[in-house]
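Reminder, nothing fancy here: chain letters follow the sequence lines and each chain counts from 1. Predicted model, so just to flag it, every value in this text is computed and none were measured. When reading the values below, keep in mind they use all heavy atoms of this one structure, side chains included, and skip hydrogens, waters and symmetry mates.
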There are 2 protein chains.
Amino acid sequence: MGNPNRDHEYLAKLQDYFASYRSIPSYAVIGELLGMASKSAVSALVKRLSLAGYLEMSPDKRLAPTKRFFERELADFNVPAGLPAAANDAMSESLSVDDYLIPRPSSSILVRIKGDSMMDAGIFDGDIAVIEKRHAANLGDYVLAIVDNEYTLKELGRDKQGYLLIPHNPDFSPIRPTHSLEIFGVLTGLIRKYR
Amino acid sequence: MGNPNRDHEYLAKLQDYFASYRSIPSYAVIGELLGMASKSAVSALVKRLSLAGYLEMSPDKRLAPTKRFFERELADFNVPAGLPAAANDAMSESLSVDDYLIPRPSSSILVRIKGDSMMDAGIFDGDIAVIEKRHAANLGDYVLAIVDNEYTLKELGRDKQGYLLIPHNPDFSPIRPTHSLEIFGVLTGLIRKYR
DNA sequence: AGCTACATGGAACGAATGTTCGCCACCCAC
DNA sequence: GTGGGTGGCGAACATTCGTTCCATGTAGCT
């Protein structure tokens, strides 16, 4: 395999396209997109990518991406500088962000964080929390709780007087539930977007 | 229109199908799927769903789901008043988080954070950073830079002596590149997993 | 009942699809 | 060099696509 495989480059363009339009275009358009003049070249490419596990045929004979299609490479931080391009061949590990963060979609919801009460825990206003819905939690878990008809994300704690909700910000005080403490779910992931 | 619109039911089946196979089937198959015997009925349905904003034509005239296609019914969970500002942004199983965090897959890479030098910016050891590969950045951006053959994530700053890399942790000092400063990419997203 | 509105069935049609085949250009190993 | 493998080109092909037009059936209304 002396030939530097251009298939990764082709795959990348397909990934970009799918990210934009949520569909795999026809062979003719793929060719146009990748700079191929004939559909047979595309056909060959599709066979290769299918073998590699990035594409598959849906039951109705339509071309569709596989799970692996959505995986991203995970590079290690400490890579002593190879060339930046080396990150491509680093072949460390790949993962799909969704699978990584949301293993149980049906019991997970996304909640946008309001306020700074968990700032010291690295949870900022505007972040999105992945909450797994359940009513039980362990001490030390970050829980989305319902207190006085309001949702709030805090650490679940306990002292001799009972359970409390501990903020991670010196400007806030622990909340001691007056009546009952209802736990909506447990924080299992966090997503932040910059810019 | 005595008939309660069955379109929602049809939409639901399409959503299920797409969730399974990541593609929209042909009109014939859609008909089969929904119990319609003719493609003209499907054609009409597609027009309705397109008008409602659930489907659209991709640039190559292929049927594709829109963002709204992936929105989840809020009515699904009967949460007492004041549903936690649910992130309507992106909710679905497969595409959502990827789509939200990684608009350009081919130029994005995932990097696992090592060390606490950005702790005060809410970026912790073990978090995963979404880096968009490019060589230019603005002051104030968090950049993945290559300094002395090591990758490091810092804020890009500048003073009268030139560029520097600013950590967000009082225990660390700003880094002043001795020779050259190479920027590998810019931080565009952050992912953290609990437990 | 008679009428209208509308969703669907059914068939015909041109356009576009993906497959296939033979051929060429290039690169590497020998 | 020579040979073989590989990726791409170009054209022909049957199949399938989505559109279109008209007929049919049903529901609601007067």
Side-chain angles (χ1 to χ4, degrees), chain A residues 1-18 20-66 68-69 85-86 88-89 91, chain B residues 1-18 20-66 68-69 106:
Chain A
M1 183 175 306
N3 186 9
N5 230 347
R6 297 192 63 190
D7 284 2
H8 282 94
E9 177 192 333
Y10 294 150
L11 176 60
K13 287 191 180 170
L14 283 181
Q15 288 168 331
D16 283 351
Y17 188 96
F18 193 94
S20 294
Y21 303 113
R22 292 163 297 279
S23 83
I24 299 285
S26 73
Y27 283 28
V29 175
I30 292 179
E32 207 171 304
L33 211 61
L34 305 185
M36 291 172 169
S38 86
K39 291 185 291 179
S40 54
V42 176
S43 178
L45 171 67
V46 167
K47 278 204 185 87
R48 270 175 275 138
L49 290 182
S50 297
L51 268 180
Y54 292 106
L55 295 174
E56 67 182 355
M57 285 299 176
S58 68
D60 49 21
K61 317 279 191 197
R62 256 177 154 70
L63 204 53
T66 61
R68 173 179 292 193
F69 185 87
N88 276 339
D89 305 324
M91 257 325 196
Chain B
M1 185 173 302
N3 188 11
N5 234 347
R6 297 191 63 190
D7 284 4
H8 283 94
E9 176 192 335
Y10 295 150
L11 176 60
K13 287 191 179 171
L14 282 181
Q15 288 169 329
D16 284 350
Y17 188 98
F18 194 94
S20 294
Y21 304 113
R22 292 163 296 278
S23 84
I24 298 285
S26 72
Y27 283 28
V29 175
I30 293 180
E32 206 171 308
L33 211 60
L34 305 184
M36 291 171 168
S38 85
K39 290 187 291 180
S40 54
V42 176
S43 180
L45 172 67
V46 167
K47 278 205 186 88
R48 270 176 274 139
L49 290 182
S50 297
L51 269 180
Y54 292 108
L55 295 173
E56 67 183 354
M57 285 300 175
S58 68
D60 49 21
K61 316 280 190 193
R62 255 179 155 69
L63 203 53
T66 61
R68 172 179 292 192
F69 184 86
S106 69

*DNA chain C contacts made by residues 50-63 of chain A, counting heavy atoms under 4.0 Å*: none
_Give me the atom names and distance for the closest heavy-atom approach of M36(A) to V42(A)._
SD-CG2, 3.8 Å
*Respond yes when some side-chain nitrogen or oxygen of R48(B) is under 4.0 Å from OP1 or OP2 of dT8(C), and no when none is.*
yes
*How are the rings of F18(A) and F18(B) set to each other: parallel, tilted or perpendicular (split at 30° and 60°)?*
parallel
*Compute the bend angle of the helix from dA1(C)-dT30(D) to dC30(C)-dG1(D) from the end axes (five pairs per end), rounded to 10°.*
30°
*Do R62(A) side-chain atoms and Y21(B) backbone N/O form a donor-acceptor pair below 3.5 Å?*
no
_Taking every non-hydrogen atom, the tightest pair across L34(A) and K13(A)_ = CD2-CB, 3.6 Å
*asked:* Return the NZ to CD1 distance between K39(B) and I30(B), rounded to the nearest 0.5 Å.
replied: 11.5 Å
*Do you know which two heavy atoms are closest between Y27(A) and S43(A), and how far apart they sit?*
CE2-CA, 3.7 Å
*asked:* For dG10(D), does the base pair up with any side-chain atom of S40(A) as donor and acceptor (N or O, under 3.5 Å, distance only)?
replied: yes
_Closest-nucleotide ordering on DNA chain C, the 5'-leading residue of S43(A) and L45(B)_ = L45(B)
_Show the nearest heavy-atom pair for residues Q15(A) and F69(A), with the distance to one decimal._
NE2-O, 2.9 Å
*Round to the nearest Å and state the distance from K47(B) atom NZ to dT20(D) atom C1'.*
9 Å
_Under a 3.5 Å distance rule, please check whether S20(B) uses its side chain to pair with a backbone N or O of D16(B) as donor and acceptor._
yes
*Look at the side chain of S23(A) and the backbone N and O of A64(B), then say whether any donor-acceptor pair between them is shorter than 3.5 Å.*
no
*List in numerical order all residues of residues 25-39 of chain B for which some heavy atom is under 4.0 Å away from an atom belonging to DNA chain D.*
S26(B), Y27(B), K39(B)
*Donor-acceptor contact present, side-chain S50(A) to main-chain E56(A), <3.5 Å*: no
